[in-house]
Amino acid sequence: MLLRTRPAIRSSEITDKKLYLRRREFIQAAAVTAVGAAAGTLGVPQADAAPSWPRVKVPNFAKSPYGADEKPNAYQDATTYNNFYEFGVEKEDPSNNAGPLKTKPWTVKVDGLVDKPADYQLEDFIKPYALEERIYRMRCVERWSMVIPWIGFPLASLLKTVQPAPTAKFVEFTTLFNPQQMPGQRRDVLRWPYVEGLRLDEAMHPLAILAVGLYGEYLPNQNGAPIRLVVPWKYGFKGIKSIVRIRLTDRQPMNSWQLSAPSEYGFYSNVNPSVDHPRWSQARERRIGEFFMRPTLVFNGYGDQVASLYAGMDLKKNY
Ligand code: MTE
């Protein structure tokens with residue numbers, strides 16, 4: 001997100017040397033992308049590479065009414081074109097490097113302003129909830145998108161179990177910190193561990209899920225095994241992976257991208273085609289696997305369900 005993006009910069013926007021140097025980086029990155037596109041790959045590895053990770057079916061899950069009427073991307077796209085900086089900053093790094101991440105046993109701590117704080121083993125954590133498939137459009141801040149059939153359960157169900165205190169206003173999520181297993185954490189590309197946050201009413205929205213699987217199978221490590229957040233009306237970076245802690249708080253949490261580039265990333269991060277990223281327009285996106293760009297939809301097309309969460313707010317200021 002900071003390092004490799006397709007350029008959308010007019011020279012009039014370049015004001016100082018730092019930005020100029022960044023621009024050169026982008027042009028080089030674009031040249032690499034252009035070669036990929038010419039080869040017909042659009043940066044996505046070809047489908048003939050056999051997966052090197054275990055593929056385990058989720059035994060029981062229901063279809064839910066929340067499926068988008070869209071064709072999911074190929075499994076290969078979703079599992080080899082990833083952002084997971086704990087395993088490197090290139091799209092193919094997570095699928096190549098995340099194999100050694102040990103996801104059993106896995107503990108999730110729920111604490112902060114809750115009536116029932118607990119350290120859960122993952123199995124106990126997910127056991128009370130019925131798993132369902134949700135086919136969601138996902139829009140990355142880097143202007144690519146995919147449609148992914150997730151398997152998970154509403155975050156709201158968990159929150160109802162742990163009972164937020166009346167003073168709780170926000171939910172903060174934290175990824176595992178383990179530089180031995182996550183080699184990207186040995187470099188300062190982000191402040192580790194990765195953190196994300198939602199307002200409590202956003203977290204309670206039925207579209208926000210904790211996912212444990214995709215395409216009928218448990219999550220491969222590169223997609224955030226064993227449990228990750230999916231919030232389809234927000235940019236993909238809100239979907240924090242490999243969660244070990246969920247903390248209820250009365251203060252708005254900072255998230256990793258805000259901490260690393262406060263002028264570029266805000267707390268809300270709602271998909272909004274009329275709020276440009278400072279370095280590129282967000283009006284259009286490339287669906288991975290398609291050639292032409294398509295218009296980006298406000299709230300990623302989920303406005304009917306979620307716009308009321310933001311009634312009266314200036315979304316240009318609260319980006
Ligand atoms: N979570 C952690 N812990 N580390 C990351 O680098 N990247 C985010 C998000 N969650 C990231 C993360 C970004 S930028 C995106 S676009 C999505 O994960 C990508 O999810 P996917 O690879 O499953 O498509």
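Side chains included, hydrogens not; waters and symmetry mates left out as well; all remaining heavy atoms used. Worth saying up front: this structure is predicted, and the values here are computed from it rather than measured. Order of appearance sets the numbers: ligands from 1, and atoms from 1 within every ligand.
- The side-chain hydrogen bond (donor to acceptor under 3.5 Å, both in side chains) check on Arg228 picks up nothing, with sequence neighbours excluded.
- Salt-bridge check for Arg143 with Glu285: failed, with every basic side-chain N at 4.0 Å or more from each acidic carboxylate O.
- Qualifying side-chain hydrogen bond (donor to acceptor under 3.5 Å, both in side chains) partners for Gln185, counting only residues two or more places apart in sequence or in other chains: none.
- With salt bridges taken as basic N to acidic carboxylate O contacts below 4.0 Å, one links Arg279 and Glu264.
- Among residues at least two apart or in separate chains, ring pair (Phe, Tyr, Trp, His ring centres under 6.0 Å) pairs with a member in residues 150-173 are Tyr129-Phe153, Phe170-Phe267.
- Every protein residue with a heavy atom nearer than 4.0 Å to ligand 1 is included here: Met1, Asn82, Asn83, Phe84, Tyr85, Glu86, Cys140, Thr175, Tyr194, Asn223, Arg228, Gly236, Phe237, Gly239, Ile240, Lys241.
- Using a 30° and 60° split on the angle between ring planes, Tyr310 and Phe299 fall in the parallel class, below 30°.
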